Enquirer: 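Have a look at this one before I ask anything.
Throughout, protein chains are lettered first and strands after them, A, B, ... in sequence-line order, and every chain is numbered starting at 1. Model, not experiment: these values are computed from the prediction.
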2 protein chains.
Amino acid sequence: MTDDTEPIWLRAERAATGRPAERSRAEITAAAIAVADRGGLEAVSMRNVADELGTGAASLYRYVNGRDDLLDLMVDATAAEPRLEPPTGDQVADLTAFAEELRATMVRHPWLPELVLTRPSLGPNAVAALDHVLDVLADHPGDGRAKLEIFALLNAVVATFALNERAAADRPEQAVAYLRHVAATGRRPRITALLEDLAAPDDRHRGDALTAILSGLLR
Amino acid sequence: MTDDTEPIWLRAERAATGRPAERSRAEITAAAIAVADRGGLEAVSMRNVADELGTGAASLYRYVNGRDDLLDLMVDATAAEPRLEPPTGDQVADLTAFAEELRATMVRHPWLPELVLTRPSLGPNAVAALDHVLDVLADHPGDGRAKLEIFALLNAVVATFALNERAAADRPEQAVAYLRHVAATGRRPRITALLEDLAAPDDRHRGDALTAILSGLLR
DNA sequence: AGACTTCGGGAACATCGTTCGCAAACTCAG
DNA sequence: CTGAGTTTGCGAACGATGTTCCCGAAGTCT
């Protein structure tokens with residue numbers, strides 16, 4: 001019997017003896033991701049995922065300790081999607097390239113930013129990505145703690161951008177509705193000016209902010 | 001009848017006519033925060049909050065469109081806690097001071113980081129905080145879009161730190177359990193080295209990373 | 001005083017995560 | 001080949017959740 005308090009990555013997938021399992025963790029993860037891609041995070045219920053697989057909901061508990069495990073598996077599965085190019089020597093450029101891969105993954109899976117931000121857990125694929133970032137930062141002075149911090153912040157910043165971008169795209173008026181009301185009161189001139197800037201066309205290209213952040217962090 | 005698609009801040013609180021309400025939005029928000037402070041976010045159910053107030057669960061829907069509204073109210077209520085000191089001229093220092101106030105608020109309300117990260121919404125108190133940041137950045141070149149970005153990132157970074165800090169404090173072994181296993185395989189020397197650095201005592205003082213980020217962003 | 005409107009909240013509904021228990025499917029020792 | 005042992009699949013059930021309905025109670029306004 002495997003310890004239930006261990007992360008799922010350390011629990012044995014199948015038993016050597018007894019009736020063989022009909023499915024694998026990977027299949028279940030893929031089904032969960034399919035459901036999420038189609039209906040968002042809230043659609044990822046045990047019953048929905050089971051339906052996607054054509055099984056009963058209770059069967060999932062043979063592969064996973066609960067819904068949380070499922071979410072962890074989903075996150076780590078997507079962590080395999082970014083292409084990890086060999087370091088070029090330009091640390092900031094390498095990291096922004098990785099960040100762009102991350103962003104593309106999050107566009108492909110709109111439910112991902114929320115999970116990444118809420119659920120800090122490192123699975124095998126996330127460790128591979130971390131290893132890649134450590135590779136890029138090999139020549140960088142500073143201990144592992146600082147580099148781990150950079151990795152965490154890179155993920156968080158990209159996820160935050162992705163989340164905000166999506167919110168602005170899905171409900172454009174809702175996002176600024178209250179700001180507009182505040183501006184209308186005339187009591188906060190700085191907010192009013194801000195709204196005028198938001199109305200202007202966006203000529204900045206994405207990634208500027210991230211480059212600035214990374215430049216600061218790498219000192 | 002107020003439009004249900006509007007953010008809650010634009011919906012009238014009480015009706016002018018008819019039976020007067022026995023409670024206020026503020027009371028309900030305070031009850032929800034009390035429940036969350038005591039039992040975490042998942043304890044914030046309509047029934048629990050109603051119990052805290054001594055009312056029925058269905059009554060809450062007279063004040064709020066649903067649980068999501070309640071969460072928005074909670075977030076904005078905490079946005080009033082940070083003290084907003086007048087700008088000194090040192091932008092980075094002023095922003096890190098604000099960030100420290102934010103962090104303290106999140107320590108007081110451990111459920112807050114998750115909401116801040118997941119739910120980008122600006123209520124009256126959040127707008128006041130934004131206004132303060134705009135005040136600090138008054139002399140800064142760059143349009144409102146960039147400043148709004150700085151505000152969003154400031155919140156996100158502080159919340160990310162708070163979340164990770166809490167996870168590390170609550171389940172210290174769980175966080176690195178899998179990393180330790182990866183190191184034990186010997187197949188990822190960079191991860192092994194990272195773990196050794198993590199074992200060493202932490203001599204960096206908090207806020208270094210944020211200062212670096214802000215310096216980069218403010219160029 | 002009567003029409004009107006809002007509020008409080010018990011009851012009910014759909015859905016959720018999860019547990020239980022048992023029949024079926026398989027491995028392995030003898 | 002057999003039977004003991006182990007694991008899997010999963011229908012049924014439990015408790016908790018968010019939310020809606022409905023109606024009596026409690027006010028305001030003409």
Enquirer: Nearest whole angstrom, please: distance from the C1' of C:dC7 to the CD1 of B:I28.
Expert: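 Result: 12 Å.
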Enquirer: Locate the shortest heavy-atom distance separating B:L195 from B:A183; write the atom from each residue and the value.
Expert: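 For B:L195 versus B:A183, the nearest heavy atoms are CD1-CB, 3.6 Å.
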Enquirer: As an exercise, state the distance from CG of A:L210 to CG of A:L214, rounded to the nearest 0.5 Å.
Expert: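 The CG atom of A:L214 is 4.5 Å from CG of A:L210, to the nearest 0.5 Å.
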Enquirer: Enumerate all atom pairs, one protein N or O and one N or O from nucleotides 15-18 of chain C, separated by less than 3.5 Å.
Expert:
unit_1: C:dG17; atom_1: OP1; unit_2: A:R67; atom_2: NE; d: 2.9
unit_1: C:dG17; atom_1: OP2; unit_2: A:M46; atom_2: N; d: 2.9
unit_1: C:dG17; atom_1: N7; unit_2: A:R47; atom_2: NH2; d: 2.6
unit_1: C:dG17; atom_1: O6; unit_2: A:R47; atom_2: NH2; d: 2.7
unit_1: C:dT18; atom_1: OP2; unit_2: A:Y61; atom_2: OH; d: 3.2
unit_1: C:dT18; atom_1: OP2; unit_2: A:R67; atom_2: N; d: 2.8

Enquirer: Could you give the CG-to-C1' distance, from B:L70 to D:dT17, as a whole number of Å?
Expert: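 One finds 14 Å between C1' of D:dT17 and CG of B:L70, rounded.
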Enquirer: Pick out which of A:V157, A:V158, A:N164, A:L163 makes a side-chain contact (heavy atoms from CB on, under 4.5 Å) with A:T160.
Expert: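 The option that passes is A:N164.
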Enquirer: Just how far, in rounded Å, is P of D:dG27 from CD of B:E22?
Expert: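 Answer to the nearest Å: 8 Å.
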Enquirer: Check this for me, if you would: do A:R11 and A:D69 make a salt bridge, where the nitrogen-to-carboxylate-oxygen distance has to be below 4.0 angstrom?
Expert: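 Result for this pair is yes, salt bridge flagged.
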Enquirer: Any ion pair linking A:E114 and A:R166 (charged N to carboxylate O, less than 4.0 Å)?
Expert: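 Salt bridge between A:R166 and A:E114, a charged N being under 4.0 Å from a carboxylate O: no.
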Enquirer: Rounded to the Å, how far apart are A:E27 CD and D:dT8 P?
Expert: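 To the nearest whole Å, that distance equals 14 Å.
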Enquirer: Separation of A:R23 atom CZ from D:dT7 atom P, in whole Å?
Expert: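 It works out to 19 Å between those atoms.
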Enquirer: Using a cut-off of strictly less than 4.0 Å, decide whether B:S59 has a side-chain nitrogen or oxygen near OP1 or OP2 of C:dG8.
Expert: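 Looking at the OP1 and OP2 atoms of C:dG8, neither is under 4.0 Å from any side-chain N or O of B:S59.
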Enquirer: Between A:T17 and D:dT6, is there a side-chain N or O to OP1/OP2 distance below 4.0 Å?
Expert: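 No, because none of the side-chain N or O atoms of A:T17 sits under 4.0 Å from OP1 or OP2 of D:dT6.
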Enquirer: Is the closest basic N to carboxylate O distance between B:D131 and A:R190 below 4.0 Å?
Expert: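 Result for this pair is yes, salt bridge flagged.
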Enquirer: For A:R14 and D:dT6, what is the distance between atoms CZ and C1' respectively, to the nearest whole Å?
Expert: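 To the nearest whole Å, that distance equals 16 Å.
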Enquirer: I'd like to know whether A:H109 forms a side-chain contact (heavy atoms from CB on, under 4.5 Å) with A:M74, so could you lay out the CA-CA distance, the side-chain angles of the two residues, the decisive distance to 0.1 Å, and finally the verdict.
Expert: CA-CA 10 Å; A:H109 307 292; A:M74 292 168 68; over 6 Å; no
Enquirer: When the ring planes of A:Y178 and B:W9 are compared, do they come out parallel, tilted or perpendicular, using 30° and 60° as the limits?
Expert: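 Aromatic pair A:Y178/B:W9 classed tilted.
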Enquirer: Take the protein atom OH of A:Y63 and the nucleotide atom P of D:dT7, then report the distance between them rounded to whole Å.
Expert: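 Rounded to whole Å, this separation is 14 Å.
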Enquirer: Working to the nearest 0.5 angstrom, can you tell me the gap between A:R119 CZ and A:D68 CG?
Expert: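 Going from CZ on A:R119 over to CG on A:D68, the span is 4.5 Å.
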Enquirer: Report each atom pair, protein N/O against N/O of nucleotides 23-26 of chain D, whose distance is under 3.5 angstrom.
Expert:
unit_1: D:dG24; atom_1: N2; unit_2: B:R19; atom_2: NH1; d: 3.4
unit_1: D:dA25; atom_1: N3; unit_2: B:R19; atom_2: NH1; d: 3.1
unit_1: D:dA26; atom_1: O4'; unit_2: B:R19; atom_2: NE; d: 3.4

